[in-house]
Amino acid sequence: MIGILDSGTGGLTVARALGDLLPGMDMTYLGDTGRFPYGSRSSEKINAYVDQGVDFLVEKGAELIVFACVTSSAALLSRPGRSFAVPFVDAVTPTVDRLLALPTCRRIGVVGTEATVRSGVFDVLINKRDPAARIYARSAPLLVPLIEDGRLDRPETRMIAKKYLHPLKVRQVGALVMACNHYRLIRPLLQRKIGKRAKVVDCVSAVADSVKKYAEQHMRGGGGQAGAGGSRTYYLTDITGRIASIGKMMFGRNLTFQYCELQPRDKAQVRAAS
Ligand code: DGL
């Protein structure tokens with residue numbers, strides 16, 4: 001089973017892409033809607049939440065964890081010596097791979113949450129492989145709330161996207177990394193605002209393709225054969241009517257969500273020891 005971990009409902013874009021690529025694979029989604037958003041939090045806090053989410057999914061039987069959220073992935077990658085009980089695919093590494101597979105592009109724009117940009121992980125990973133690349137990263141805190149409010153191509157969203165992307169556009173970036181799984185819903189708008197000369201790189205398809213490759217090589221049912229499984233379970237740490245409709249927008253159809261509570265790691269360990 002693949003466990004998909006996200007800060008809320010944005011990761012349903014990844015779950016949807018994975019469902020299309022690996023129809024026969026069992027998948028369990030966990031969105032931490034009760035503590036959303038992660039993008040305005042410290043990396044210590046995000047990593048503590050991530051540990052709880054991973055524990056939950058491993059307990060449900062996940063053999064692979066997919067960090068659908070770029071913000072969580074960035075916090076995770078900036079933590080030295082990270083390791084879990086099962087392997088994982090993060091959302092940053094495959095996005096950087098995809099970016100660097102483009103024909104030489106040395107001026108790169110990155111747009112994401114405050115925590116993602118603050119982590120500097122895109123700069124580090126890109127410059128490790130291409131020291132000459134110049135990275136211009138910009139946080140865009142208003143885009144996620146606008147997207148969740150369904151304002152995908154409204155004047156206010158166009159104006160704000162333009163304001164965020166203007167500093168990258170004047171640097172004449174050749175690629176723009178959409179470093180947030182929500183942005184897939186406004187890709188045409190971001191492409192218009194950055195200009196058609198810039199190639200837009202989507203973290204959602206990058207992570208989904210990377211998981212498919214992993215599953216085919218390492219997991220039973222990884223080829224996505226019909227009848228090999230294909231169960232889907234969606235957990236959220238808070239469920240409201242609004243969240244259900246945001247989920248529908250992210251996934252493209254209504255989903256049935258189950259409520260769950262995550263255990264702080266130390267408490268769970270104390271209980272296990274007693
Ligand atoms: N969707 C998250 C990401 O991919 C951002 C939302 C949040 O702030 O939790 O980075």
Side-chain angles (χ1 to χ4, degrees), residues 4-18 29-54 65-79 88-96 98-99 109-122 125 137-152 157 160-161 164 176-187 190 200-208 210-211 234-238 240 242-243 246-247 249-251 262:
I4 306 165
L5 183 59
D6 190 61
S7 62
T9 50
L12 290 168
T13 53
V14 175
R16 180 182 188 174
L18 277 178
Y29 181 92
L30 170 61
D32 195 5
T33 45
R35 298 186 290 201
F36 178 86
Y38 283 9
S40 54
R41 299 186 192 277
S42 67
S43 72
E44 290 76 19
K45 202 44 126 185
I46 297 166
N47 277 316
Y49 294 167
V50 160
D51 286 343
Q52 293 169 22
V54 170
I65 302 290
V66 178
F67 291 98
C69 172
V70 179
T71 305
S72 305
S73 304
L76 182 73
L77 294 179
S78 48
R79 175 168 65 173
F88 68 86
V89 174
D90 70 86
V92 174
T93 312
T95 306
V96 169
R98 180 161 293 192
L99 169 78
V110 176
V111 64
T113 66
E114 283 172 272
T116 296
V117 170
R118 195 187 336 111
S119 77
V121 293
F122 278 94
L125 289 187
R138 187 89 165 89
S139 64
L142 294 174
L143 288 183
V144 165
L146 285 164
I147 292 167
E148 294 220 335
D149 212 31
R151 297 168 190 269
L152 303 184
T157 314
I160 284 164
Y164 286 139
L176 175 71
V177 179
M178 296 197 296
C180 173
N181 54 34
H182 281 76
Y183 299 168
R184 167 169 267 218
L185 274 70
I186 57 163
R187 182 182 184 143
L190 295 182
V200 171
V201 179
D202 176 18
C203 64
V204 174
S205 56
V207 71
S210 171
V211 173
Y234 303 92
Y235 289 101
L236 298 179
T237 57
D238 193 18
T240 61
R242 182 168 184 268
I243 275 173
I246 297 169
M249 182 171 67
M250 299 292 171
F251 200 81
L262 301 181

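For this chain, numbers begin at 1 and follow the sequence in order. Atoms within each ligand, like the ligands themselves, are counted from 1 in listed order.
Annotation: the span from Ile65 atom CD1 to Ile4 atom CD1 amounts to 10.0 Å, rounded to 0.5 Å.
Taking 4.0 Å as the cut-off, Cys180 counts as a neighbour of ligand 1 on heavy-atom distance. Using a 4.0 Å cutoff on heavy atoms, Gly10 does not count as a contact of ligand 1. Residue-ligand proximity: Cys69 is placed with a non-hydrogen atom under 4.0 Å from ligand 1.
At least one N/O-N/O distance between Tyr38 and ligand 1 falls below 3.5 Å. Of the polar atoms of Thr71, at least one N or O is found under 3.5 Å from an N or O of ligand 1, judged by distance alone. For ligand 1, one of its N or O atoms has an N or O atom of Val70 under 3.5 Å away. By the 3.5 Å distance cut-off applied to N or O atoms, Ser40 is not counted among the residues near ligand 1.
Using a 4.5 Å heavy-atom threshold, the side chains of Asp51 and Val54 count as separate. Contact of the Asp32 side chain with the Gln52 side chain is not registered, since no non-hydrogen atoms from C-beta on lie closer than 4.5 Å. Taking 4.5 Å as the limit, every side-chain heavy atom of His182 sits out of range of all side-chain heavy atoms of Leu143. Looking at heavy atoms from C-beta onward, Val70 lies out of side-chain contact with Thr113 at the 4.5 angstrom threshold.
The heavy atom nearest to atom 4 (O) of ligand 1, considering only Val92, Asn181, Val204, is found in Asn181.
Ring pair Phe88/Phe67 is perpendicular by interplanar angle, where above 60° counts as perpendicular and below 30° as parallel. Tyr234 and Tyr29 have tilted rings, their planes meeting at an angle from 30° to 60° on a 0 to 90° scale.
Interface of Ser7 with ligand 1, defined as ligand atoms under 4.0 Å from a residue heavy atom, comprises 6 (C), 7 (C), 9 (O). Here is the list of ligand 1 atoms found below 4.0 Å of a heavy atom in Phe36: 6 (C), 7 (C), 9 (O). For ligand 1, the atoms sitting less than 4.0 Å from at least one non-hydrogen atom of His182 are 1 (N), 6 (C), numbered in the order shown with element in parentheses. Heavy-atom proximity to Gly39, at under 4.0 Å, picks out these atoms of ligand 1: 7 (C), 8 (O), 9 (O).
Counting only N and O atoms by type, the side chains of Asp238 and Thr33 include no donor and acceptor under 3.5 Å apart.
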| task | Start with the C-alpha gap between Glu114 and Arg41, add the side-chain angles, then the distance that decides, and say whether side chain to side chain contact (heavy atoms under 4.5 Å, CB included) holds. | result | CA-CA 8 Å; Glu114 283 172 272; Arg41 299 186 192 277; over 6 Å; no
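Under 4.0 Å from ligand 1, the heavy atoms of Thr113 that appear belong solely to its side chain.
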